Number of protein chains: 2
Amino acid sequence: MPATPRARPEKSTLSLEAIVATTLDLVSEVGYEAVSMRRVAKALETGPASLYVYVQDRRELMALAHDLAIARVVLPDDSDGDWRERLELLVDRVVVALSRRGDIASVGLVDVPTGPHTLRVTEEVLRLLRLGGIDDAACAWAADLLAQYISSSALEIAARLRAQRELERSAGSERATEAAMTAAFSARLDTVYRSVSPEEHPTIHALAPLLTGGGGDRASWKLRVIIDGLLAQRSP
Amino acid sequence: MPATPRARPEKSTLSLEAIVATTLDLVSEVGYEAVSMRRVAKALETGPASLYVYVQDRRELMALAHDLAIARVVLPDDSDGDWRERLELLVDRVVVALSRRGDIASVGLVDVPTGPHTLRVTEEVLRLLRLGGIDDAACAWAADLLAQYISSSALEIAARLRAQRELERSAGSERATEAAMTAAFSARLDTVYRSVSPEEHPTIHALAPLLTGGGGDRASWKLRVIIDGLLAQRSP
DNA sequence: ACCTGAACACCGTTCAAGT
DNA sequence: ACCTGAACACCGTTCAAGT
């Protein structure tokens, strides 16, 4: 029972571009850990060995997917304000771009990405920091600190988005219990902190409601702390 | 050809403690990714299924190993100075404890650890921040930021230690080329930044020598930035 | 009750052999 | 030259069957 010729698109020739785009799409759907070379190959209707013609190993493929995820980030321009406003806007755009693609940001915690789009962003971050009058050495280290901030914030937001999406996906269905459990998973931390012994850990106990909340405020607050901390180094 | 009774220690009864300790030792030796349930089981002279009597899954086992890694961290006391000095000392002790155990700190980037020793440290971090007059909400978020700092700094130091150890291990041997390559791996980033186009990425090009150096200074500098940034939030 | 052999359903990567 | 089937040496986890 052969499929109609146009039942699915012609099997296009393999290309690095197609492999990387497919990888990123899969990560968005099923997550970084679950995307294997074999799964990418299957999605492209080929065998896993074929991928190795274009890519050294899984690590390299994931690095390329990570770089692709930020490819469309637009650099702020003069109309976006002074160096600090532009820096905050740029960092936020990268976080948003990454968090839209599942947990692809994990790559940035495992590896230091050096793809062309990452370099483009890094160049602009360094340029803006210098515009702000930050020391050269401080610029270098600050870029590192900001990169960490970007990866971890993107992961945090991605986790929230995922929990929310799964809650909605099963709202009203008979799978509501499962959905509640997924939501509970994202609240696991909250439960741990709230159930800590008030005698042994009085401060955790007292601050429990604050330790897991915050949402977007939390991320932008962290960014403000980092930049204010940078500025404090400016005058010796 | 049966082994002499005392050729190796009696096969001790399996216990959670022994499993976690063995896991941490293996991570120290061969790294987080390379430690599989099967490898832990083999080190304990049993089959992988036996581990599941004591532990839910690999994630939980790694979380327990991570917690064990900071078990011996001693909290600073009154003689160690004011809240800020004590906080810096505590954070540094955790970083050192983790970085001695290979890349076990990876666990802290994937998961939010909540073992007893992690809670003990978190409690003290929060208490010290409050002593410093930081807002409750800011304390909560700062603890998060510091936890990120700890994990990533420990990983960075562990990578440096590993490169150094491997360089020494093969010094003078006929494997010197391989050792040089390992060292080169840790310098890969440096190479990337130094070979970037000066027209396309002038700032990266200019700062290249600063982007990968720093060592321990870099880490303590980051910590200072975070705390200074926190203090800047104190007065509205 | 505690433990585990064997199986299930996967991995990343290599390489000889195909077109 | 480009591609890939088949194999190698592994995975995490489960469960029926042992003691």
Side-chain angles (χ1 to χ4, degrees), chain A residues 8-27 29-66 102-104 106-107 109-111 178 181-182 185, chain B residues 8-27 29-66 102-104 106-107 109-111 178 181-182 185:
Chain A
R8 52 182 63 204
E10 307 260 321
K11 190 195 165 180
S12 49
T13 321
L14 222 46
S15 73
L16 182 59
E17 221 192 322
I19 292 170
V20 175
T22 300
T23 302
L24 184 54
D25 286 345
L26 281 174
V27 171
E29 279 168 44
V30 302
Y32 172 75
E33 287 219 321
V35 175
S36 61
M37 300 301 277
R38 294 174 117 101
R39 218 202 250 240
V40 173
K42 187 174 281 176
L44 290 162
E45 296 181 282
T46 183
S50 304
L51 304 180
Y52 289 86
V53 175
Y54 298 89
V55 122
Q56 203 92 39
D57 53 23
R58 183 177 186 270
R59 220 175 159 87
E60 185 183 313
L61 178 53
M62 287 299 174
L64 290 167
H66 182 274
D103 57 356
I104 188 68
S106 306
V107 175
L109 293 178
V110 176
D111 251 325
E178 198 187 340
M181 285 185 65
T182 304
F185 169 78
Chain B
R8 53 183 64 205
E10 308 260 320
K11 192 196 164 181
S12 50
T13 322
L14 222 49
S15 72
L16 182 58
E17 221 192 322
I19 292 170
V20 175
T22 299
T23 302
L24 184 54
D25 287 344
L26 280 174
V27 171
E29 281 168 43
V30 302
Y32 172 76
E33 286 219 322
V35 175
S36 61
M37 300 301 277
R38 295 175 115 99
R39 219 203 252 238
V40 173
K42 186 172 281 177
L44 291 162
E45 298 181 281
T46 183
S50 303
L51 304 179
Y52 290 86
V53 175
Y54 298 89
V55 121
Q56 203 92 36
D57 53 23
R58 183 178 186 272
R59 221 177 159 86
E60 185 184 312
L61 179 52
M62 288 299 174
L64 290 168
H66 182 273
D103 58 355
I104 189 68
S106 306
V107 175
L109 293 178
V110 175
D111 250 326
E178 199 187 339
M181 285 185 65
T182 304
F185 169 78

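None of these values were measured; they are calculated from a predicted model. Just so it is clear: chains get the letters A, B, ... in the order the sequence lines come, proteins before strands, and each one is counted from 1.
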Using the P atom as the reference point in each nucleotide, state the distance between D/dA9 and C/dA9 in Å, no decimals. 23 Å
Answer yes or no: does a side-chain N or O of A/Tyr54 lie under 4.0 Å from OP1 or OP2 of D/dC3? yes
Distance in angstrom units between A/Leu44 CG and D/dC3 C1', rounded: 14 Å
Give a yes/no on whether any side-chain N or O of B/Thr46 is located under 4.0 angstrom from OP1 or OP2 of C/dT4. yes
Do nucleotides 12-19 of chain C as a string where each nucleotide becomes B, S or -: B if the base has a protein heavy atom under 4.0 Å, S if just the sugar-phosphate does, - if no protein is that close. BBBB----
With respect to the phosphate group of C/dC3, does any side-chain polar atom (N or O) of B/Ser50 fall under 4.0 Å of OP1 or OP2? no
Length of the OH-P vector between A/Tyr32 and C/dC11, whole Å: 15 Å
Starting at atom CG of B/Leu16, determine the distance to atom P of C/dC2, rounded to an integer number of angstrom. 14 Å
Side chains of A/Arg39 and A/Val30: closer than 4.5 Å at any heavy-atom pair? yes
d(A/Thr23 OG1, A/Ile19 CD1) to nearest 0.5 Å is 7.5 Å
So, using side-chain contact (heavy atoms from CB on, under 4.5 Å) as the criterion, who are the partners of A/Val53 when residues are at least two apart? none
Just so I know, are the side chains of A/Val55 and A/Met37 near enough to count as touching, which here means a heavy-atom distance under 4.5 Å? yes
Taking the six-membered ring of A/Tyr32, is NZ or CZ of A/Arg58 closer than 6.0 Å to its centre and within 45° of its axis? yes
Calculate the interatomic distance between B/Leu51 atom CG and C/dG5 atom C1'; express it in whole Å. 14 Å
Report yes or no: does B/Tyr54 contribute a side-chain atom to a donor-acceptor pair with the main-chain N or O of B/Leu14 at less than 3.5 Å? yes
Between C1' on D/dA9 and NZ on B/Lys42, what's the gap in Å once rounded to a whole number? 11 Å
Rounded distance (nearest 0.5 Å) linking atom CG of A/Leu44 with atom NZ of A/Lys42: 12.5 Å
Quick one: are B/Leu64 and B/Leu16 in side-chain contact, heavy atoms under 4.5 Å? yes
Writing each nucleotide of DNA chain D 5' to 3' as (, ), [, ], | or . by Watson-Crick or G-U pairing under 3.5 Å yields ||.|||||...|||||.||
Less than 4.5 Å apart, side chain to side chain, heavy atoms only: is that true for A/Met62 and A/Val35? yes
